[in-house]
Amino acid sequence: MIRTVSTKPYSDQKPGTSGLRKKVPVFQQEHYAENFIQSIFDALDGFKGKTLVIGGDGRFYNREVIQKAIAMAAANGFGKVMVGQGGILSTPAASHVIRKYKTFGGIILSASHNPGGPHEDFGIKYNAGNGGPAPEKLTDAIFAKTKTISSFKIADIDPIDIDTVATVKAAGMTVEIIDPVTDYAELMESLFDFDALRKLFKSGFRMRFDAMHAVTGPYAKEILEHRLGAPNGTCRNFKPLPDFGGHHPDPNLVHAKHLYDEMMGPDAPDFGAASDGDGDRNLIIGKGIFVTPSDSVAMLAANARLAPGYKDGLKGIARSMPTSGAADRVAHKLGVGIYETPTGWKFFGNLLDAGMATICGEESAGTGSNHVREKDGLWAVLLWLNVLAARGESCKQIVTEHWETYGRNYYSRHDYEEVESGRANALVDELRAKLGSLPGTSVRGLKIANADDFAYHDPVDGSTSEHQGIRVLFEGGSRVVFRLSGTGTSGATLRVYIERYEPDKSRHDLDTQEALADLISAADDIAGIKSHTGRNKPSVIT
Ligand code: G1P
Ligand code: ZN
């Protein structure tokens with residue numbers, strides 16, 4: 001039986017950088033999840049009888065919302081849903097399933113790298129038929145629906161057994177529970193030289209992959225240990241847990257410090273990597289060397305031809321604006337296009353669909369390619385492995401040689417988390433107001449060449465996205481960028497991105513924070529970070 005349930009709008013359901021993210025208790029309010037899911041359906045057209053993919057990163061509340069989404073999909077007229085077994089589908093795997101089976105779209109339940117648990121974060125995002133995050137036009141339409149919603153539709157069905165791979169019927173709709181790993185593993189096998197990787201592991205190459213108790217565990221275990229023959233124990237923390245073992249499933253130098261310490265230690269394996277809550281981010285650490293995500297995208301782009309899936313070269317490279325310019329230098333050398341987009345993977349979708357870019361990356365540990373329409377943590381790890389196998393060199397050799405060839409972009413991001421929203425907005429407003437007066441002035445001996453509020457003009461659909469981050473560009477190519485996070489769930493997070501280009505090889509082994517010290521002070525002088533936030537240091541430095 002289909003029920004129409006009356007409901008009242010919630011005023012806070014505006015999707016952020018990556019879908020709607022809130023604390024679990026917010027999602028547990030009466031009809032909160034239902035309202036948002038119905039608003040997604042209400043903003044879509046033409047899905048009657050079509051297929052919807054549903055999966056999540058396994059975090060707390062995942063299973064409950066999956067049941068609601070199935071019952072609502074049935075009531076709203078979908079013909080079929082494909083659900084990852086156990087409610088599991090990594091974000092890139094969901095993107096692949098949507099594309100492979102040409103489904104109408106998909107609902108992914110995740111708050112990415114944010115912690116999980118009864119008092120932590122949950123999220124819902126919608127991906128369109130191209131496998132990519134809903135474009136802004138659609139998220140705006142969804143938000144508009146959330147403001148006027150008065151009822152939702154749900155089928156009265158018993159909970160579906162999502163733990164068994166099977167196909168059943170519910171309220172006239174087909175429910176197919178799929179193995180979440182197989183399709184994805186096959187895709188990886190089609191892109192990379194698995195024979196070469198098997199040889200690499202056979203020769204004694206040692207690797208550590210930390211799944212951080214998040215969704216990538218089953219994928220990494222299958223691909224690295226079962227298909228590629230890496231020794232048992234290569235994957236660590238590979239069982240997805242609803243609270244990620246009480247940790248932040250965020251593969252950075254703070255939350256994966258144990259991996260960093262191991263990789264810098266005397267008995268370090270050859271290669272270390274980690275992924276986040278929903279499997280789209282990556283952390284790459286070679287023996288004795290951390291690879292910044294901005295460098296990683298540049299290095300992967302420079303070497304991509306070594307992997308079978310990219311042997312014909314790249315169409316172009318795209319990076320988010322705050323990501324360092326290292327990839328630009330590779331694009332120039334390869335003679336391919338380079339695109340600078342706002343933060344958030346959704347902005348790469350058009351470029352990928354139009355065949356203008358092949359590899360994309362963000363400074364926030366996201367790298368990916370046209371194989372799906374999301375960033376893909378394990379993909380980046382496998383491409384690195386393929387490059388290492390093909391070149392027969394260590395990660396450190398590859399990185400230092402890259403810097404010799406292209407110069408080094410020293411890069412760091414300073415985050416001020418959970419700042420009171422009013423104070424963070426005041427900082428940004430003040431900065432915005434003085435942008436026009438900055439060019440030509442000097443701070444800490446650094447001359448400001450230009451300052452602007454980044455606006456993106458999508459070359460494919462002609463749309464414009466404004467206020468995507470404030471850039472202060474110095475003479476000589478250094479810069480600082482300021483923006484507020486669009487994924488936080490409490491207060492505001494101020495992100496300050498700092499970059500200096502260093503062509504001189506004799507200056508390539510400086511400590512990053514030291515190499516950027518004058519720019520870091522300049523950023524505070526320009527934006528009054530300390531006085532506005534009341535903090536004397538960032539909460540997280542990556
Ligand atoms: C953050 C990252 C951004 C990434 C997003 C989703 O967004 O900065 O690059 O696409 O998470 O993983 P932010 O919180 O900065 O809006
Ligand atoms: Zn993620």
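Counting starts at 1 for both ligands and their atoms, following the listed order.
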>> Judged on heavy-atom distance to atom 14 (O) of ligand 1, which of T493, T487, D276, T91 sits nearest?
In response: T487
>> Less than 4.0 Å is my threshold; does some heavy atom of G344 fall inside it relative to ligand 1?
In response: yes
> the Zn ion (ligand 2) is nearest to which N, O or S atom of D278?
Replying inline: OD1
>> Quick one, F347 with S320, criterion side-chain contact (heavy atoms from CB on, under 4.5 Å). Give me CA distance, side-chain angles, the key distance, then yes/no.
In response: CA-CA 8 Å; F347 292 100; S320 69; over 6 Å; no
> For atom 9 (O) of ligand 1, what's the nearest protein heavy atom and its distance?
Replying inline: S364 OG, 2.5 Å
> Considering only the protein, which heavy-atom contact is closest to atom 5 (C) of ligand 1, and what is its distance?
Replying inline: R281 NH2, 3.8 Å
> Counting each atom of ligand 1 from 1 as listed, which ones have a heavy atom of R413 under 4.0 Å away?
Replying inline: 8 (O)
>> Check this for me, if you would: do D276 and K375 make a salt bridge, where the nitrogen-to-carboxylate-oxygen distance has to be below 4.0 angstrom?
In response: no
> So, is R21 polar-close to ligand 1, with some N/O to N/O distance under 3.5 Å?
Replying inline: no
>> Pairs of nitrogen or oxygen atoms closer than 3.5 Å, one from K375 and one from ligand 1: do any exist?
In response: yes
> Is the shortest distance from a heavy atom of K125 to ligand 1 less than 4.0 Å?
Replying inline: no
>> One thing to verify: whether R208 and D210 come together as a salt bridge, which I'm taking to mean a side-chain N less than 4.0 angstrom from a carboxylate O.
In response: no
> Among protein heavy atoms, which sits nearest to atom 10 (O) of ligand 1, and what does the distance come to when rounded to 0.1 Å?
Replying inline: E362 OE1, 2.7 Å
> Of Q468, H467, R471, R483, which meets side-chain hydrogen bond (donor to acceptor under 3.5 Å, both in side chains) against D453?
Replying inline: H467
> Which atoms of ligand 1 sit under 4.0 Å from any heavy atom of G486?
Replying inline: 13 (P), 14 (O), 16 (O)
>> For E374, which part has a heavy atom under 4.0 Å from ligand 1: side chain, backbone, both, or neither?
In response: neither
>> I'd like to know if R495 and E363 make a salt bridge, using a cut-off of under 4.0 Å between side-chain N and carboxylate O.
In response: no
>> If the threshold is 4.0 Å, N to carboxylate O, is there a salt bridge linking R59 and D121?
In response: no
> Taking everything shown except K100 itself, do over 12 heavy atoms lie less than 6.0 Å from its NZ?
Replying inline: yes
> Counting backbone and side chain alike, does S112 bring an N/O/S atom below 2.8 Å of the Zn ion (ligand 2)?
Replying inline: yes
> At the Zn ion (ligand 2), what's the angle from D280 OD1 to D276 OD2, rounded to 10 degrees?
Replying inline: 100°
> Going by distance only, is there an N or O of R495 that falls short of 3.5 Å from an N or O of ligand 1?
Replying inline: yes
> Any N/O of L484 closer than 3.5 Å to an N/O of ligand 1?
Replying inline: no
>> Tell me if the OH atom of Y260 is crowded by more than 12 foreign heavy atoms within 6.0 Å.
In response: no
> What do you reckon, is NE2 of H258 surrounded by more than 12 foreign heavy atoms closer than 6.0 Å?
Replying inline: yes
> Based purely on interatomic distance, does T343 place a nitrogen or oxygen under 3.5 Å from a nitrogen or oxygen of ligand 1?
Replying inline: no
> Heavy-atom count around K221 NZ within 6.0 Å, excluding the residue itself: above 12?
Replying inline: yes
>> Please determine whether a side-chain nitrogen of the Lys or Arg among R319 and E340 lies less than 4.0 Å from a carboxylate oxygen of the Asp or Glu.
In response: yes
